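For reference, the structure is listed below as structure tokens.
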Amino acid sequence: MSDDNGKPHGETMKVLLAFLGKRQQEMTHLLGEFVRCESPSADREAVNRFGQIVASQWRKRGARVRVVRQARRGSHVRAEIVARGIRPSGQILILGHLDTVHPAGTLAKFPYRLSGGRAWGPGTFDMKAGLVLALFAADALQAAGLRPHRRLVFLWTSDEEIGSAASRRLIEQEARRSECVLVLEPPLGRDGRLKTERHGVGDAELIVTGRAAHAGVDPQRGVNAVHELALQIARLLAWDNPRRGIRVQATVVSGGTASNVIPASARAEIDIRYARVGDAPKILRMLRGLRPILPGARIQVRGAISRPPMVRTAASSKLFQQAQSLMREIGLPLGEASTGGGSDGSFAAALGVPTLDGLGAVGDGAHTLREHVVIRTLAQRAALLAGLLASL
Ligand SMILES: [Zn+2]
């Protein structure tokens, strides 16, 4: 199946796909086990329980597993594989997350099930199927006698869906040691395009304080916090500039107490996306520069950039081309896309490490009760990952 030193050759992808195609049932079975262990980001114990299941799967495959405990979040799981008889030259980081956005109990109304060629359930697409693929890719490499000449580090973090505060340093540390980073987040669209470009993500909170008064008797004595907030949001919307890749959205607003009272407080959350690295400090400066508009109003602004943008580079586009040519060997097209959504891949890309994202299973409905993956793509994407690990 491979030559003496384990290097892949022209038939490699076909061999990998043939092996994985026969394991479709095992893959959906394991995916079911993963999905049934709910792992909402904020529930440390739940994420730890799921992490243990994932860790034991890697131990079964002979990986060196380290569970990286966290004080407030679930533990991260790091699994390392070095092929037998290989002295690795460098490292490939494969990145994913254990947590999902779905609160505990979602499974009761949205149980794991297979129907219409799809596997449905909370966290299937984002991204427990990605975790399954990685395990079967490792199996396929071994079955095909392929011995990657790099150290493979699989890092499954616990808090991606809530901004990665507890994992960012570890991700960056491993990324710096790596020749490239492969991210098993969901791909884009029905055709499963890989992501080579992502917007940066920022968020801001506006807290407005006014003064309460009777809305009919003496409104002049009040300062309307909701009006102030509305004016501030209108001002923020002037920054929205799709052509430059800047998107500003007010996403959560609240304020007021009763319909005949001038509201004394109001609050808004603002989601900010940006495409250019240099726009981050500008956006933060503009946020800090916000001043009250109505006399007597006060505003407090909290703003932060949570993820840098992932910028397409010559090296990342070369990675993509490699993936595309591997898929061509098994007669499958592979496209490339840009997205406004952020991921942990952005941390790696910002360090200048070539990063390829969206390598998970094809599906749809991330973060909703329509979440699913297309079952036949599990084997295809696992073959792609295995092919990349063997040839990079
Ligand atoms: Zn995700």
Side-chain angles (χ1 to χ4, degrees), residues 31 34-35 37-43 46-47 50-51 53-54 70 73-78 93-103 106 110 112 119-135 154-168 170-172 174-175 181-189 192-201 203 271 273 306-310 337-350 355-374 377-378 381-382 385:
L31 180 57
F34 280 10
V35 171
C37 186
E38 292 182 297
S39 54
S41 319
D43 187 339
V47 175
F50 178 51
I53 294 180
V54 174
Q70 301 300 308
R73 300 295 174 207
S75 306
H76 313 310
V77 175
R78 181 191 188 276
L93 177 63
I94 304 96
L95 204 54
H97 58 89
L98 301 163
D99 60 323
T100 79
V101 295
H102 300 282
T106 304
F110 183 40
Y112 181 70
W120 305 76
T124 42
F125 183 44
D126 189 8
M127 52 154 280
K128 289 181 173 176
L131 304 182
V132 170
L133 294 186
L135 286 158
F154 299 83
L155 181 61
W156 312 131
T157 62
S158 63
D159 64 340
E160 196 272 346
E161 297 290 6
I162 48 172
S164 308
S167 52
R168 179 173 184 168
L170 182 59
I171 293 165
E172 290 176 338
E174 293 292 353
V181 178
L182 306 176
V183 188
L184 289 169
E185 284 283 350
L188 202 76
R193 276 161 286 157
L194 301 189
K195 296 166 177 176
T196 49
E197 203 169 51
R198 282 181 180 277
H199 280 39
V201 185
D203 44 74
D271 181 282
R273 310 276 158 161
S306 55
R307 291 179 203 284
M310 185 168 111
S338 163
T339 172
S343 98
D344 286 341
S346 304
F347 296 139
T355 301
L356 195 55
D357 203 337
L359 285 160
V362 179
D364 200 5
H367 299 194
T368 74
L369 300 184
R370 286 174 287 106
E371 193 170 344
H372 64 269
V373 289
V374 178
T377 69
L378 290 170
R381 304 296 271 207
L385 178 61

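Note that the coordinates shown come from a computational prediction; the quantities given were computed from them, not determined experimentally. These values consider heavy atoms only, across backbone and side chains, with no hydrogens, waters or symmetry-generated copies. Remember, it's 1-based here, ligands and their atoms both numbered in the order they're listed.
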Test side chain to side chain donor-acceptor pair (under 3.5 Å) applied to Ser338 - qualifying residues, sequence neighbours left out: Glu197
Ring geometry between His372 and Trp120 (parallel below 30°, tilted from 30 to 60°, perpendicular above 60°): tilted
pair Met310-Ser343: side-chain heavy atoms closer than 4.5 Å: no
Smallest separation among heavy atoms of Phe34 and Leu131, with atom names: CE2-CB, 4.0 Å
Atoms (protein N, O or S; no water) under 2.8 Å from the Zn ion (ligand 1): 4
Salt-bridge present (Asp344, Arg168; N to O < 4.0 Å): no
Verdict with supporting geometry, Ser39 and Lys128, side chain to side chain donor-acceptor pair (under 3.5 Å): CA-CA 10 Å; Ser39 54; Lys128 289 181 173 176; 3.0 Å; yes
